[in-house]
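A quick write-up on the structure given underneath.
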Protein chains: 2
Amino acid sequence: MAPYDPSDFPPFAVTVDLVVLTVRHNGLRALLVRRGEAPYQGQWALPGGFVRPGEDLAAAAGRELEEETGLCAHDGECESGSGEARHGAHLEQLATYGDPGRDPRMRVVSVAHLALAPDLPSPTAGGDASGARWAPVERLLGEEGGGRDDEQLLPLAFDHARILSDGIERARSKIEYSSLATAFCPAEFTVGELRRVYEAVWGVVLDPRNFHRKVTGTPGFLVPTGGTTTRQGGRPAQLFRAGGATLLNPPMLRPEM
Amino acid sequence: MAPYDPSDFPPFAVTVDLVVLTVRHNGLRALLVRRGEAPYQGQWALPGGFVRPGEDLAAAAGRELEEETGLCAHDGECESGSGEARHGAHLEQLATYGDPGRDPRMRVVSVAHLALAPDLPSPTAGGDASGARWAPVERLLGEEGGGRDDEQLLPLAFDHARILSDGIERARSKIEYSSLATAFCPAEFTVGELRRVYEAVWGVVLDPRNFHRKVTGTPGFLVPTGGTTTRQGGRPAQLFRAGGATLLNPPMLRPEM
DNA sequence: CCAAAAGTGTTTGCGCTACACCCATGC
DNA sequence: GCATGGGTGTAGCGCAAACACTTTTGG
């Protein structure tokens with residue numbers, strides 16, 4: 001190999017791309033922005049942008065997330081520190097994509113991050129995108145059982161379909177063995193609401209009795225607040241907050257794969 | 001955010017760093033190279049180098065791995081394609097480290113990869129490093145129960161201790177639910193040899209009877225070759241190759257954590 | 001009074017654990 | 001023949017799956 005010469009290395013552009021997921025209307029959805037410029041002008045893409053010269057990768061991801069959603073990241077391996085813009089979201093590094101040619105203009109290495117957010121009241125305010133939406137993931141991945149057949153797939157710019165697919169797969173497997181599903185819920189939530197998160201992310205139906213026993217029996221997963229709510233109708237349900245536990249032992253079991 | 005201008009972006013150096021693990025003398029070991037230049041001259045570091053202008057990230061990692069060990073990578077998400085230099089090893093992307101200041105000379109973003117290799121006959125031939133060694137991981141992480149107390153910790157250059165720690169953690173958790181432990185074994189191996197891999201990586205003792213039943217009962221994990229060996233002494237043991245299965249269901253269970 | 005969701009108990013079965021014993025080789 | 005590791009059978013137990021019923025609200 002050539003000797004290590006600081007003044008002579010191939011220059012790269014480094015960006016962060018964000019897979020932001022939420023659960024809305026009993027379905028898993030991803031945040032997309034419409035591209036205003038070539039290439040892929042007018043097509044949908046993941047939010048993202050350049051990493052700034054003095055900026056940590058996690059900080060760049062947190063900044064982009066707040067610009068797009070108003071959410072302030074916490075948790076994961078990213079600790080951007082201060083400033084609670086809104087209720088927190090989970091943010092973690094996903095993977096890095098650097099194929100030559102993934103961006104036709106130049107050599108770009110993108111460090112993708114995964115964010116999990118609760119259902120936001122406002123669709124998508126602020127941000128630099130000329131348009132933004134929460135798209136159901138079935139319309140992006142071409143999975144089975146996701147809505148009607150006449151809904152066609154939304155093509156994504158660059159290699160973003162691949163990145164999104166990896167992010168969804170990470171989320172689906174990670175809620176098995178961690179308490180991450182609570183990141184999709186508001187600060188206080190019911191067992192039933194948490195169950196509907198699992199059902200939406202996995203695309204399955206779970207037994208309410210066994211689910212209730214499982215989550216309330218796992219130490220540190222849920223902490224009762226003492227309050228109740230009837231916002232889902234029916235009998236009042238206990239409210240919980242997310243407990244301190246991050247790793248679930250034993251894990252939640254996803255039915256027959 | 002500033003408009004997207006291809007000719008005006010902050011330039012970064014992009015490197016790959018390698019966490020190469022093997023099992024040797026009943027212990028988990030990592031490949032280290034001695035640095036020939038400042039900074040951290042003379043200290044031990046993970047092998048790695050710059051990504052070349054037209055080169056994929058996985059290809060860069062595979063190239064570095066072959067330069068350092070003579071191994072040809074396969075499997076994982078990295079498919080560097082052709083050229084079987086020696087028996088294959090597992091290679092996958094680990095994580096990306098890009099703190100400003102992690103390299104005092106310039107802004108470097110390093111895409112770390114994890115490689116799992118069988119015990120190599122020759123210590124470490126070839127490569128560009130002035131020195132190389134397989135270091136027991138206990139001497140690098142300061143864990144309990146790893147050898148005598150008078151052995152002191154080896155400090156690593158840059159943030160490589162963190163990267164190594166992340167790589168080891170990935171390997172430890174991934175052999176639970178995948179057939180990856182076979183990547184530490186030669187092409188043909190016995191159930192006992194595979195068990196010693198698990199014992200070395202996890203630092204535990206497993207019940208030979210239950211282990212045997214578990215791995216032979218998991219469809220697609222092991223394929224008998226028909227041959228036997230007595231290289232471990234005692235009664236001849238059946239030889240196996242790794243089967244096609246990558247995900248183990250149900251997973252191997254790591255004793256009391 | 002009806003619908004809708006919450007919450008609880010029980011049975012059944014599978015898989016993991018823990019244990020003792022015989023087998024086939026090298027020295 | 002003895003040491004060494006390989007391979008098998010079994011009993012117990014804990015967890016998860018499957019299932020029915022009561023409770024408490026809103027309309």
Side-chain angles (χ1 to χ4, degrees), chain A residues 23 25-26 175-177 185-186 188-200 202 204-219 221-240 247-257, chain B residues 23 25-26 175-177 185-186 188-200 202 204-241 247-257:
Chain A
V23 172
H25 300 135
N26 285 333
I175 64 174
E176 280 190 81
Y177 57 88
C185 297
E188 299 198 348
F189 53 91
T190 71
V191 173
E193 288 164 351
L194 183 62
R195 176 169 47 83
R196 276 180 282 276
V197 164
Y198 275 93
E199 291 177 333
W202 284 344
V204 297
V205 175
L206 300 175
D207 185 303
R209 309 176 269 276
N210 295 332
F211 183 86
H212 188 281
R213 187 181 11 256
K214 183 68 182 270
V215 296
T216 56
T218 300
F221 193 5
L222 299 183
V223 178
T225 66
T228 61
T229 183
T230 60
R231 61 185 173 219
Q232 300 288 342
R235 170 176 170 178
Q238 268 192 295
L239 283 170
F240 296 86
L247 256 29
L248 304 183
N249 221 328
M252 301 291 302
L253 291 183
R254 176 153 43 161
E256 32 112 14
M257 305 213 4
Chain B
V23 172
H25 304 313
N26 285 335
I175 65 173
E176 280 190 81
Y177 56 90
C185 295
E188 298 199 348
F189 54 90
T190 70
V191 172
E193 288 164 351
L194 183 62
R195 176 169 47 82
R196 278 180 280 276
V197 164
Y198 275 92
E199 291 177 334
W202 284 343
V204 297
V205 176
L206 299 175
D207 185 304
R209 310 176 268 276
N210 296 330
F211 183 86
H212 188 280
R213 192 185 3 258
K214 183 68 183 269
V215 295
T216 56
T218 300
F221 192 6
L222 299 184
V223 178
T225 66
T228 61
T229 184
T230 60
R231 61 186 173 217
Q232 301 286 344
R235 170 176 168 179
Q238 267 192 298
L239 283 170
F240 296 86
R241 282 183 296 102
L247 257 27
L248 304 183
N249 222 329
M252 302 291 301
L253 290 185
R254 176 156 38 162
E256 30 114 13
M257 309 211 359

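Sequence lines set the chain letters: A, B, ... in the order given, protein chains first and strands last, and positions in each chain run from 1. What you see below is based on every heavy atom in this structure, not just the backbone, and it leaves out hydrogens, waters and symmetry mates.
Spacing between atom CE of A/Met252 and atom C1' of D/dA17 amounts to 13 Å, rounded to whole angstrom units. Per the geometry, CZ belonging to B/Phe211 stands 17 Å off C1' belonging to C/dA18, to the nearest Å. The CZ-C1' distance, from B/Arg195 to D/dG6, rounds to 9 Å in whole Å. Atoms NE2 (A/His212) and P (C/dG9) sit 11 Å apart, rounded to a whole Å. For the pair B/Arg235 CZ and C/dC21 P, the interatomic distance rounds to 17 Å; values are reported in whole Å. If you measure from atom NZ of A/Lys214 to atom C1' of D/dG14, you get 13 Å, rounded to the nearest angstrom. For the pair A/Asn210 CG and C/dT11 C1', the interatomic distance rounds to 12 Å; values are reported in whole Å.
For the residue pair B/Thr225 and B/Glu188, the shortest heavy atom distance occurs at CG2-OE2, 3.6 Å.
Closest to the side chain of A/Leu253, out of D/dA16, C/dG7, D/dG5, is D/dA16. Comparing C/dA6, D/dA17, C/dT8 against the side chain of A/Thr190 picks out C/dA6 as the nearest. Looking at the side chain of B/Pro250, the nearest of the listed nucleotides C/dC16, C/dA6, D/dG7 is C/dC16. Closest contact between the side chain of B/Asp207 and the listed nucleotides C/dG7, C/dC23, C/dC19 involves C/dC19. Taking every side-chain heavy atom of A/Arg196 into account, C/dA6 is the closest of C/dA6, D/dT8, D/dA17. For A/Pro236, the listed nucleotide lying nearest its side chain is D/dT25; candidates were D/dA17, D/dT25, D/dG6.
A heavy-atom distance below 4.0 Å to DNA chain C is reached by none of the residues of residues 222-232 of chain B.
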